[in-house]
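Report on the following structure.
Bear in mind that the values here come from a model prediction, so they are computed numbers and not experimental data. Below, chain A is the first sequence line, B the second, and so on; all start at residue 1.
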Number of protein chains: 2
Amino acid sequence: MARRRQSVTIKHVAADAGVSLQTVSRVINNEPNVRPAMKERVQASIDKLGYVPSIAAQRMSGSRSYLILALNDRERTIAEWTAREGGDWVDQMLLGGMLKAAEHGYRMLIELVDTHDDHIERELGAALSALHPDGVVLTPPHSENPQIIGLLAEHGIRFARIGSKADGPGIALTMDDEGSAADATRHLVELGHKRIGFIAGPEEYSLSDWRIDGWRAAMDEAGLPTDGLCRRGDFGYDSGVRAARELLALDRRPTAIIASSDHMTLATLETARESGLDVPRDLSLISFDNTPIVRFTNPRLTAIDQPIAATIARAVELLIDRDAEPPAQPVTISGELRIRQSTAAPLSDD
Amino acid sequence: MARRRQSVTIKHVAADAGVSLQTVSRVINNEPNVRPAMKERVQASIDKLGYVPSIAAQRMSGSRSYLILALNDRERTIAEWTAREGGDWVDQMLLGGMLKAAEHGYRMLIELVDTHDDHIERELGAALSALHPDGVVLTPPHSENPQIIGLLAEHGIRFARIGSKADGPGIALTMDDEGSAADATRHLVELGHKRIGFIAGPEEYSLSDWRIDGWRAAMDEAGLPTDGLCRRGDFGYDSGVRAARELLALDRRPTAIIASSDHMTLATLETARESGLDVPRDLSLISFDNTPIVRFTNPRLTAIDQPIAATIARAVELLIDRDAEPPAQPVTISGELRIRQSTAAPLSDD
DNA sequence: CTGAAAGCGCTAACAA
DNA sequence: TTGTTAGCGCTTTCAG
């Protein structure tokens with residue numbers, strides 16, 4: 001029976017190489033003040049014995065924990081997983097964050113936290129005390145939650161705020177919601193659309209408003225009116241139906257709609273169909289998410305690809321590099337418009 | 001600036017409660033030999049101070065690490081994440097495993113490992129040495145990889161093999177592939193189908209063959225022939241197209257097909273359509289995956305819901321409960337057939 | 001039933 | 001440039 005103790009420890013390496021523990025430690029951590037010959041000898045022993053430092057022991061001695069904690073909204077995440085309708089936010093997070101973390105010898109751990117919870121501090125505090133992560137990635141709607149931010153700052157833990165431009169502690173990163181919304185709008189303008197509706201996300205997410213700003217800016221730029229063409233949803237299907245019904249019932253209904261989530265876009269697609277409208281002939285549609293869903297609708301949806309993986313990867317990178325000065329300005333990773341089949345020139349050009 | 005050291009330690013609690021460290025430790029670990037009054041007093045201090053033990057320190061002193069490692073195939077997983085086509089295996093793993101682990105104060109960490117790699121031992125060994133997980137969940141095709149199993153056994157780490165019935169160390173769990181395939185087949189038989197084709201998965205996965213067995217058994221039971229009605233794919237789309245073409249080109253083509261993955265089912269759907277066949281009028285179709293894809297095809301696909309979350313949850317539970325005798329027989333969690341729109345009675349009843 | 005001492009594997013601080 | 005010492009927070013002996 002194997003023992004629970006670590007098989008190969010720093011002691012074994014030190015003994016094998018005939019040096020002190022400290023020297024081995026220096027080699028492991030790539031510290032200066034080790035003669036090349038020495039370093040080589042130690043490295044040889046490390047390789048020979050297949051030694052890998054224990055993260056727990058490293059943490060214990062006041063060094064890093066090599067752990068990055070990614071915080072997601074519990075309710076929304078579980079709902080997505082249970083529904084199995086193609087939401088792949090967590091997968092994209094892992095794709096970007098986990099792989100980038102691994103490059104640096106770090107691991108990324110997912111933690112679900114209720115935003116609307118009274119004991120959020122206790123919950124998150126427990127995770128921090130138990131794990132002592134070297135960095136935390138906050139995703140909306142946690143990114144601007146003052147309790148979370150306060151707690152993290154208090155613990156002196158580095159953290160990144162995805163989808164936040166606010167000042168304050170932590171590194172702010174955005175996916176250029178404003179620019180993406182403007183891009184999508186311009187694409188429709190170029191196709192000849194004049195009445196472009198917008199279905200926004202909930203106010204709880206500040207990125208909801210940035211998207212409205214982008215749409216409005218591009219409309220202004222083209223000299224087009226926006227009055228009455230914006231509705232708000234909660235990212236969910238039902239709210240999308242409501243918003244779409246209202247927009248399509250307008251006297252002069254929009255010939256194109258941009259919706260701030262895949263589910264709201266899907267809802268708009270179905271609602272349009274029920275009203276006898278063909279997409280893209282009678283109505284052009286752009287989704288503000290490039291989740292799996294957009295590939296399986298008919299027609300396939302033109303969508304803004306939000307660079308989730310790239311953004312999380314960047315966040316992890318910034319979190320890990322402790323020497324670098326954290327960026328003073330919000331970091332922006334821009335998305336791209338993926339043109340598919342749901343956008344076309346409007347029928348008449350009134 | 002906050003300090004890197006743990007804010008509230010066992011010492012603080014001991015001091016606050018006026019007892020020894022050891023007593024606090026006993027209370028934390030719910031050990032016997034503590035008087036109720038004492039226990040209560042200590043617990044009060046713990047609550048008051050918001051104390052949570054450091055996992056690293058617990059690990060260091062030879063106790064548990066409260067970590068479960070879930071091993072997935074690197075190549076396949078990254079391909080799924082990158083394609084964004086609705087594969088949600090990892091999400092289901094997290095849904096089942098992470099939540100169950102959390103119930104017991106454990107965390108689940110995902111690790112990607114190449115099966116076809118020469119240095120798989122080094123790679124996995126490094127993860128084990130660094131993390132010292134209390135348990136490991138192996139998913140196909142890792143579940144029967146002798147190198148992995150050997151290494152785990154050697155390290156004395158408990159592990160679960162998902163999708164494996166083989167004897168040997170570790171806990172074997174299956175999703176009743178045979179039974180599910182038989183169920184699906186019977187459903188088609190009851191609808192009146194007599195020629196039911198089967199598109200199997202690659203031999204590398206032993207569950208591929210169990211599914212064939214189930215299909216064959218149900219066909220035998222109904223007195224129906226299976227000769228020439230089985231083709232093999234690799235779970236991917238292209239292989240599904242090939243298999244479907246062959247089956248549909250048969251002299252007396254099948255009136256129904258069961259495919260062993262969502263992508264192969266999708267491929268069959270498209271191939272049938274190209275041949276001018278309507279699903280389900282001319283061809284009934286059952287998918288062996290209930291991933292998001294099946295909800296977005298037209299028609300929506302009847303599918304076998306594999307209880308991934310439930311199975312992983314069970315695995316984690318068995319891994320965590322160290323006192324319980326590990327099950328001698330493979331644990332089976334059965335899936336269910338979700339009947340949607342892709343199955344119907346055959347046209348003629350020849 | 002409770003406490004004191006020793007040590008897990010590693011690194012920070014200091015010494016040589 | 002290298003080695004020695006002390007200690008991180010906790011649990012395991014072993015005494016009381």
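Of the candidate nucleotides C/dT2, C/dT11, D/dG3, D/dG3 has the atom lying nearest to any side-chain atom of A/Thr23. Closest contact between the side chain of A/Arg35 and the listed nucleotides C/dC10, D/dT1, D/dT11 involves D/dT1. Comparing D/dT12, D/dC10, C/dC8 by their closest approach to the side chain of B/Glu31 singles out D/dT12. Checking D/dC10, D/dT4, D/dC8 against the side-chain heavy atoms of A/Gln22 singles out D/dT4 as nearest. With C/dC10, D/dG3, D/dT11 as the candidates, the nucleotide lying closest to the side chain of A/Ser20 is D/dG3. In the set C/dC1, D/dC10, C/dC10, the nucleotide with an atom closest to the side chain of A/Ala57 is C/dC10.
Taking B/Glu121 as the reference, B/Gln147, B/Leu151 meet the side-chain contact (heavy atoms from CB on, under 4.5 Å) condition, with sequence neighbours excluded. Partners of A/Tyr106 by ring-ring contact (aromatic ring centres under 6.0 Å, His included), not counting sequence neighbours, listed by chain and number: A/Tyr66.
The nearest whole Å value for the distance from the CD1 atom in B/Ile55 to the P atom in D/dC10 is 11 Å. At whole-Å resolution of the value, CZ in B/Arg64 and C1' in D/dT12 are 14 Å apart. Protein atom NE2 of B/His12 is 10 Å distant from nucleotide atom P of D/dC8, rounded to whole Å. Protein atom NZ of A/Lys11 is 13 Å distant from nucleotide atom P of D/dT4, rounded to whole Å. Atom CD1 of B/Ile28 and atom P of D/dT12 are 11 Å apart (whole Å). Atom P of nucleotide D/dA6 and atom CE of A/Met60 are separated by 18 Å, given to the nearest angstrom. B/Asn29 has its CG atom 18 Å from the P atom of C/dC1, to the nearest Å.
A salt bridge links B/Asp16 with B/Lys48: at least one charged nitrogen is closer than 4.0 Å to a carboxylate oxygen. A salt bridge links B/Arg74 to B/Glu123: at least one charged side-chain nitrogen sits closer than 4.0 Å to a carboxylate oxygen. B/Arg35 and B/Glu40 are not joined by a salt bridge, as no carboxylate oxygen comes within less than 4.0 angstrom of a charged side-chain nitrogen.
Nearest-nucleotide positions on DNA chain D place A/Met38 closer to the 5' end than the other of A/Met38 and B/Leu21. Summary of the strand contacts: A/Val24 and B/Lys39 both lie near DNA chain C, and taking for each the nucleotide with the nearest heavy atom, the more 5' one is attributed to B/Lys39.
Considering only side-chain N and O atoms, A/Ser61 lies nowhere under 4.0 angstrom from the phosphate OP1 or OP2 of C/dG9. OP1 or OP2 of C/dT2 has not a single side-chain nitrogen or oxygen of B/Asn33 nearer than 4.0 Å. At least one side-chain nitrogen or oxygen of B/Gln58 sits closer than 4.0 Å to the OP1 or OP2 atom of D/dT11. Residue A/Arg59 places no side-chain N or O under 4.0 Å from the OP1 or OP2 atom of D/dC8. A sub-4.0 Å separation between OP1 or OP2 of D/dC10 and a side-chain N or O of B/Tyr66 is absent.
Counting distance only, with no hydrogens placed and no angle test, the side-chain atoms of B/Arg26 and the base atoms of C/dG3 include a donor-acceptor pair under 3.5 Å.
B/Asp134 and B/Ser65 are linked by a side-chain donor-acceptor pair at a separation below 3.5 angstrom, with hydrogens and angles left out of the test.
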